[in-house]
Amino acid sequence: MVPGLFAAEGILGWYALTVPHPDSPAATAATALEFTLRCIFTIGAIGTALSITTHILPNRDQGGMMKKQQGHSTSSLVGRLK
């Protein structure tokens, strides 16, 4: 909801610059840019927070249990060679 609010404020600010003679175009552009950047950084922060657990705990499933390793263990390969 927060990124949507920032995006809406930014878009409305950019549309306000399209009138033939805006009151204060520099202030309006600065405000629109501020809200646009807030939206971008908020979405980036949410994406980072969601992906950080996969980087910290790459060998765990969603329940927190260790995943079985892919491939073969060395003991099973030694048993096959005998």
Side-chain angles (χ1 to χ4, degrees):
M1 289 175 37
V2 172
L5 171 73
F6 292 152
E9 290 287 334
I11 291 170
L12 290 175
W14 294 118
Y15 280 136
L17 290 174
T18 63
V19 297
H21 301 288
D23 292 333
S24 55
T28 305
T31 304
L33 181 62
E34 176 187 349
F35 279 113
T36 304
L37 288 174
R38 281 186 185 184
C39 175
I40 291 169
F41 287 129
T42 303
I43 291 172
I46 291 170
T48 301
L50 291 174
S51 68
I52 199 165
T53 55
T54 60
H55 294 290
I56 292 174
L57 306 169
N59 291 329
R60 298 190 184 270
D61 63 2
Q62 292 179 350
M65 301 298 292
M66 292 294 289
K67 289 182 181 177
K68 293 183 180 180
Q69 294 293 328
Q70 303 265 336
H72 302 287
S73 66
T74 56
S75 63
S76 65
L77 290 177
V78 171
R80 288 183 193 172
L81 294 175
K82 291 183 178 179

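Remember, it's a predicted structure, so these values are computed and weren't measured experimentally.
Rounded to the nearest 0.5 Å, atoms OG1 (Thr42) and CG (Leu37) are 10.0 Å apart. For the atom pair Ser24 OG and Leu17 CG, the distance stands at 9.0 Å (nearest 0.5 Å).
Nearest heavy atom pair, residue Pro3 against residue Cys39, reads O-SG, 3.5 Å. Of all heavy-atom pairs spanning Ala16 and Val19, the tightest one is O-CG2, 3.4 Å.
Ile43 and Leu5 fall into different hydrophobic clusters, where Ile, Leu, Val, Met, Phe, Trp and Tyr residues are linked whenever their side-chain heavy atoms come under 4.5 Å apart, directly or through other members.
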Exercise for the section: Show the numbers, then the answer: is there a side-chain contact (heavy atoms from CB on, under 4.5 Å) between Trp14 and Leu33? Expected result: CA-CA 8 Å; Trp14 294 118; Leu33 181 62; 4.1 Å; yes

